Enquirer: 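Quick one: this structure, given as structure tokens, is what I'll be asking you about.
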Amino acid sequence: RKTNGRPLSVTIVGSGFAGCAVARALAGRSHNVTVLDRSIAAGASGGPAAVFYPALARESTASGRWTLLGSLFLASLFSQDENIGLKQDLGGVIVLGDEPAAVLSPPEMGRPVSAEEAGAIAGIPLTRPGFFFQHGGWVHGSSWCSSQLRHPGIRFLPGTVQHIERKGDHWIVRGETGEILAESELLVIAAGESLLKFVQTAWIPISRIHGRMIHHTALPRPKVVVFGDTTLAALDDGSAPLGSTFEKEKARLSDDEAVAA
């Protein structure tokens, strides 16, 4: 939208990775941003270890190059001075697989590794070859989201958004009792599956994918993130979270189902 240099008022529904990144980018362009959510990183982004690494591509495509550049941007973003001191580990990610060969651009993103080399990098025994992404890692979700909202052009308001409506050239965002939470010229919805409750976005096809993270103190602590059938990382508190995603469209998993998965 053309603004002729005039700052706009923007409401963002959702304070996970997507919502906070958009909020910081817009505030950096002098727009006035309000972020609404139950709490900061109230959903999946609030996990203790959000793992990031580029997706492998079997051939060089525009979307594949876009993903790789996005991964480089994330690595650069997490290593900026303002993020130093956050709970994170940018030492890399090993993705296990029997066919790790892939087209990478730029090539310095990573390299194929044998099972022996993968184990040496991770510092734990591994029995499968894979691919080592040197620019991957994990970051503490709620800490990073909170850091992005610390900007004079952003205000965070706790609340549950129940209804949105358009009135003239403004958006009105209402809470559970119909109270007005925010009014703005632009509206961004970055609220995951919650967008299905709004008339304006209920048509968007999305799939629910739920998962489970279990903290172990007895598991071996890898030097880098290891991603295979599940994901294993090492946190500063001495635990090694083991996590994965599970069946689509299944709202909850029992403990037995989680262990079996």
Side-chain angles (χ1 to χ4, degrees), residues 1 3 6-55 66-93 133 135-161 164 171 173 175 181-195 198 201 206 211 213 225 231 233 235-237 241 243:
R1 177 175 176 177
T3 65
R6 178 179 64 85
L8 296 174
S9 58
V10 184
T11 298
I12 298 177
V13 179
S15 64
F17 282 107
C20 291
V22 172
R24 190 57 176 261
L26 291 174
R29 291 167 173 78
S30 300
H31 299 298
N32 301 309
V33 181
T34 298
V35 178
L36 301 171
D37 207 338
R38 301 189 308 276
S39 60
I40 296 176
S45 295
V51 176
F52 68 96
Y53 64 92
W66 178 263
T67 298
L68 291 170
L69 291 174
S71 297
L72 286 174
F73 172 77
L74 271 182
S76 173
L77 183 65
F78 292 149
S79 62
Q80 289 177 1
D81 289 344
E82 65 183 78
N83 291 322
I84 299 300
L86 292 182
K87 297 178 181 179
Q88 59 183 14
D89 188 335
L90 311 180
V93 175
F133 293 99
H135 295 291
W138 66 263
V139 62
H140 188 273
S142 59
S143 296
W144 186 83
C145 290
S146 295
S147 74
Q148 294 305 291
L149 298 183
R150 288 195 289 268
H151 186 283
I154 301 174
R155 64 169 182 160
F156 174 78
L157 296 179
T160 299
V161 176
I164 58 177
W171 288 97
V173 181
L181 299 176
E183 296 185 52
S184 60
E185 297 166 275
L186 297 181
L187 175 67
V188 177
I189 300 177
E193 65 176 334
S194 293
L195 61 81
F198 306 126
T201 53
I206 66 170
M213 179 174 287
V225 176
T231 303
L235 301 187
D236 296 337
D237 62 4

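Here the structure is a predicted model, which means the values were calculated and not measured.
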Enquirer: Out of curiosity, His151 NE2 to Leu26 CG, how far, rounded to the nearest 0.5 Å?
Expert: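 So the NE2 of His151 and the CG of Leu26 are separated by 10.5 Å.
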Enquirer: Taking all atoms of both residues into account, what is the closest heavy-atom pair of Ala42 and Asp37, and its distance?
Expert: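 Smallest interatomic distance, heavy atoms only, reads CB-OD1, 3.9 Å.
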Enquirer: Using only atom types and a distance under 3.5 Å, with no angle test, would you say the side chain of Ser15 pairs donor to acceptor with the backbone of Ser39?
Expert: yes
Enquirer: Residues two or more places apart in sequence or in another chain: which of them pass side-chain hydrogen bond (donor to acceptor under 3.5 Å, both in side chains) with Ser194?
Expert: none
Enquirer: Tell me, please, which residues at least two apart from Glu183 pass side-chain hydrogen bond (donor to acceptor under 3.5 Å, both in side chains).
Expert: none
Enquirer: Quick one: list whatever passes side chain to side chain contact (heavy atoms under 4.5 Å, CB included) with Ser9, sequence neighbours left out.
Expert: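 Ser9 satisfies side chain to side chain contact (heavy atoms under 4.5 Å, CB included) with Ser184, Glu185 once adjacent residues are dropped.
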Enquirer: If you look at every heavy atom in Gly136 and Val93, which pair is closest and at what distance?
Expert: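 The pair with the smallest heavy-atom distance is C-CG2, 3.7 Å.
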Enquirer: Enter the distance from Leu195:CG to Ile164:CD1 here, rounded to the nearest 0.5 Å.
Expert: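 With rounding to 0.5 Å, CG (Leu195) is 9.5 Å from CD1 (Ile164).
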Enquirer: Among residues at least two apart in sequence or on other chains, which ones pass side-chain hydrogen bond (donor to acceptor under 3.5 Å, both in side chains) with Ser45?
Expert: none
Enquirer: Nearest 0.5 Å, please: how far is CD1 in Ile12 from CD1 in Ile189?
Expert: 11.5 Å
Enquirer: Compare every heavy atom of Ser147 with every heavy atom of Arg24, then report the nearest pair and how far apart it is.
Expert: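 Looking at all heavy atoms of both residues, the shortest contact is NH1-O, 3.1 Å.
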Enquirer: What is the minimum heavy-atom distance between Leu186 and Trp171, and which atoms define it?
Expert: C-CD1, 4.0 Å
Enquirer: With rounding to the nearest 0.5 angstrom, report the CH2 to CZ distance, Trp66 to Phe73.
Expert: 10.0 Å
Enquirer: Quick check for you: to the nearest 0.5 Å, what is the distance between Ile40 atom CD1 and Cys145 atom SG?
Expert: 8.0 Å
Enquirer: By side chain to side chain contact (heavy atoms under 4.5 Å, CB included), which residues pair with Ala18, not counting sequence neighbours?
Expert: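 Partners of Ala18 by the side chain to side chain contact (heavy atoms under 4.5 Å, CB included) criterion, ordered by chain and then number, come out as Ala190.
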Enquirer: Nearest heavy-atom pair of Thr11 and Ala182: which atoms, and what distance?
Expert: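 Heavy atoms of Thr11 and Ala182 come nearest at OG1-CB, 3.6 Å.
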Enquirer: Tell me the closest heavy-atom pair linking Leu149 and Phe156, and the distance in Å.
Expert: CD1-CD1, 4.0 Å
Enquirer: What pairs with Arg155 under side-chain hydrogen bond (donor to acceptor under 3.5 Å, both in side chains), at least two apart in sequence or on another chain?
Expert: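 With neighbours one apart ignored, the set is Thr34.
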